[in-house]
Amino acid sequence: MSVQQYDRIGEAFEGFKSLPLMRYGEVPSFLGMVGDVTGKSVLDLACGTGFYSREFKRRDATDVFGVDISAEMIAAAREMEQRDPLGVRYEVGDVARLRRLDRRFDIALGVQCLNYAEDVAAMERMCRNIHRSLVPGGEFFVLAQKPDYRFDCASLETYGFRCEPTGEENETGPRVRVTALLDPQPISIVSTAPRREVYESCLRASGFSAVEWVPLRVSEAGIREFGEDFWADVLTHPPLAMLRCRA
């Protein structure tokens, strides 16, 4: 999967989190799944511009280290760290070739990370690298395209996105083009939607246990803002899913 598509986006990637599905679905769901990070160390893999790195540092994580394959994304994350110093460290790196880090972490995050593996072997390498970077009993939290999504959320654009199959498939699953309907310029990214069994087999083969799928929810703030009926379609046909597991 070409890193250039992210290098072209840079700090504009932050705009994704302002769209309704992200603001009221992904972000509160993911933060809620991870839970209290007070006093814990966090490894943010495929950290992008550092949105979750900053969120968890503000929530009293002791040490937060973000890694992303895109130099432009890391440059944007470091620039935001300079503007608002929180003590988050960032590094350019490929999760499939992740170097041995100078410490093990309590928590690892993989938001839209494993779905960029080019094949099953690459995903397993990613999982093994993540596993060895965690303390025994450490937790790994994943958010990605829902593995069995059928592109059946008819009103997805209402929530800020367009999602369509490219017609191609690799060893892990079908290729998908996701477009964030940002103003003034929409942004499209192509990735893979790995099958559920691919995620589970790679994680377990790498030493993870207690693999649990967690559904996406809409926050109370989202219900107050738009009403329950607004969210009915995306909750019936969610395009995203989360999972958690233990090292």
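When reading the values below, keep in mind they use all heavy atoms of this one structure, side chains included, and skip hydrogens, waters and symmetry mates. Sequential numbering from 1 along the given sequence is applied to the chain's residues.
Here OG of Ser133 is found 9.5 Å from CZ of Phe65. Values are rounded to the nearest 0.5 Å. Taken to the nearest 0.5 Å, the CD1 atom of Ile130 stands 6.0 Å off from the CE atom of Met126. Rounded to the nearest 0.5 Å, atoms CZ (Phe30) and CG (Leu109) are 4.5 Å apart. The distance from the CG atom of Leu45 to the CG atom of Leu98 is 6.5 Å, given to the nearest 0.5 Å. From Asn129, atom CG reaches atom CZ of Arg97 across 10.0 Å, with rounding to the nearest 0.5 Å. Rounded to the nearest 0.5 Å, atoms CD1 (Ile223) and OH (Tyr24) are 11.0 Å apart.
Using a 4.5 Å cut-off on side-chain heavy atoms (C-beta onward), Ile74 and Arg78 make contact. Using a 4.5 Å heavy-atom threshold, the side chains of Lys146 and Pro239 count as separate. Using a 4.5 Å cut-off on side-chain heavy atoms (C-beta onward), Tyr116 and Ile189 make contact. Contact of the Met80 side chain with the Thr49 side chain is registered, since non-hydrogen atoms from C-beta on lie closer than 4.5 Å. Two residues are said to be in side-chain contact when any heavy atoms from C-beta on lie closer than 4.5 Å; Phe16 and Ile187 meet this criterion. Annotation: side chain of Leu31 is in contact with side chain of Phe56 (closest heavy-atom distance under 4.5 Å). The side-chain heavy atoms of Glu26 and Leu21, taken from C-beta on, include no pair separated by under 4.5 Å. Contact annotation: the side chain of Val120 approaches that of Val198 to within less than 4.5 Å [non-hydrogen atoms, C-beta and beyond].
Linking Ile, Leu, Val, Met, Phe, Trp and Tyr residues whenever their side-chain heavy atoms come within less than 4.5 Å leaves Leu243 and Val214 in two separate clusters. The hydrophobic clustering, which links ILVMFWY residues whose side-chain heavy atoms are closer than 4.5 Å, places Val111 and Ile107 together.
His131 contributes a side-chain N or O that, together with a main-chain N or O of Gly207, makes up a donor-acceptor pair within less than 3.5 Å. Checked by atom type and distance alone, the side chain of Arg246 never pairs as donor or acceptor with a backbone atom of Glu139 at under 3.5 Å. The closest donor-acceptor contact from the side chain of Arg104 to the backbone of Arg132 lies under 3.5 Å. Within the 3.5 Å criterion, the main-chain N or O of Val135 finds no donor-acceptor partner in the side chain of Asp106. Here the side chain of Asp94 pairs no donor or acceptor atom with the backbone of Ile69 at under 3.5 angstrom. Of the possible donor and acceptor atoms, none in the side chain of Asp119 sits under 3.5 Å from a partner among the backbone N and O of Glu171. Asp229 contributes no side-chain N or O that, together with a main-chain N or O of Ala232, makes up a donor-acceptor pair within less than 3.5 Å. Put simply, the side chain of Trp213 never gets that close to the backbone of Met242: no donor and acceptor are under 3.5 Å apart. Here the side chain of Arg128 pairs no donor or acceptor atom with the backbone of Cys202 at under 3.5 angstrom. Side chain of Ser219 to main chain of Pro28: no donor-acceptor pair is present (N/O by atom type, distance under 3.5 Å, no hydrogens or angles).
By the 4.0 Å N-to-carboxylate-O rule, Glu169 lies too far from Arg175 to be salt-bridged with it. Salt bridge Glu81/Arg89: absent, no basic N to carboxylate O contact under 4.0 Å. Ionic pairing of Asp148 and Arg150 is not present here: no N-O contact between side-chain nitrogen and carboxylate oxygen is shorter than 4.0 angstrom. With respect to the salt-bridge test (charged N to carboxylate O, under 4.0 angstrom), the residues Glu200 and Arg204 qualify.
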Give the intermediate values and the outcome of ring pair (Phe, Tyr, Trp, His ring centres under 6.0 Å) for residues Phe230 and Tyr159.
CA-CA 9 Å; Phe230 175 83; Tyr159 310 110; 5.0 Å; yes

Exercise for the section: Evaluate side-chain contact (heavy atoms from CB on, under 4.5 Å) for Trp231 paired with Glu228, printing each intermediate quantity in order. Expected result: CA-CA 6 Å; Trp231 299 104; Glu228 290 186 8; 6.0 Å; no

Open item on the list: Determine whether Asn115 and Thr192 satisfy the following criterion, side-chain hydrogen bond (donor to acceptor under 3.5 Å, both in side chains), listing intermediate values before the conclusion.
Closed with: CA-CA 5 Å; Asn115 49 313; Thr192 302; over 6 Å; no

Margin query: What verdict does the side-chain contact (heavy atoms from CB on, under 4.5 Å) test give for Lys17 and Val27, after you've listed the backbone C-alpha separation in whole Å, the side-chain angles of each residue and the deciding distance to 0.1 Å?
Written below: CA-CA 8 Å; Lys17 298 300 187 283; Val27 173; 3.7 Å; yes

List the steps, then state whether side-chain contact (heavy atoms from CB on, under 4.5 Å) holds for Phe226 with Val218.
CA-CA 11 Å; Phe226 293 99; Val218 173; over 6 Å; no

| Ser70 and Asp68: side-chain hydrogen bond (donor to acceptor under 3.5 Å, both in side chains), yes or no, with the steps? | CA-CA 5 Å; Ser70 167; Asp68 197 277; 4.5 Å; no

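Residue Arg217 places its CZ atom among 12 or fewer non-hydrogen atoms of other residues, nucleotides or ligands, all under 6.0 Å distant. Heavy atoms from other residues, nucleotides or ligands lying under 6.0 Å from CZ of Arg23 number 12 at most. Shown here is Glu212, whose CD atom has more than 12 heavy atoms of other residues, nucleotides or ligands within 6.0 Å. Within a 6.0 Å radius of CD in Glu197, other residues, nucleotides and ligands contribute more than 12 heavy atoms. Counting heavy atoms of neighbouring residues, nucleotides and ligands inside a 6.0 Å radius, atom CG of Asp152 exceeds 12 of them. Atom CZ of Arg58 has more than 12 heavy atoms from other residues, nucleotides or ligands within 6.0 Å.
A cation-pi contact links Arg103 to Phe105, judged by a cut-off of 6.0 Å to the six-membered ring centre and 45° from its axis.
Listed by chain and number, the residues in a ring pair (Phe, Tyr, Trp, His ring centres under 6.0 Å) with Tyr149 are Phe151 (sequence neighbours excluded). Taking Ser53 as the reference, Asp44, Cys47, Val64, Val88, Tyr90 meet the side-chain contact (heavy atoms from CB on, under 4.5 Å) condition, with sequence neighbours excluded.
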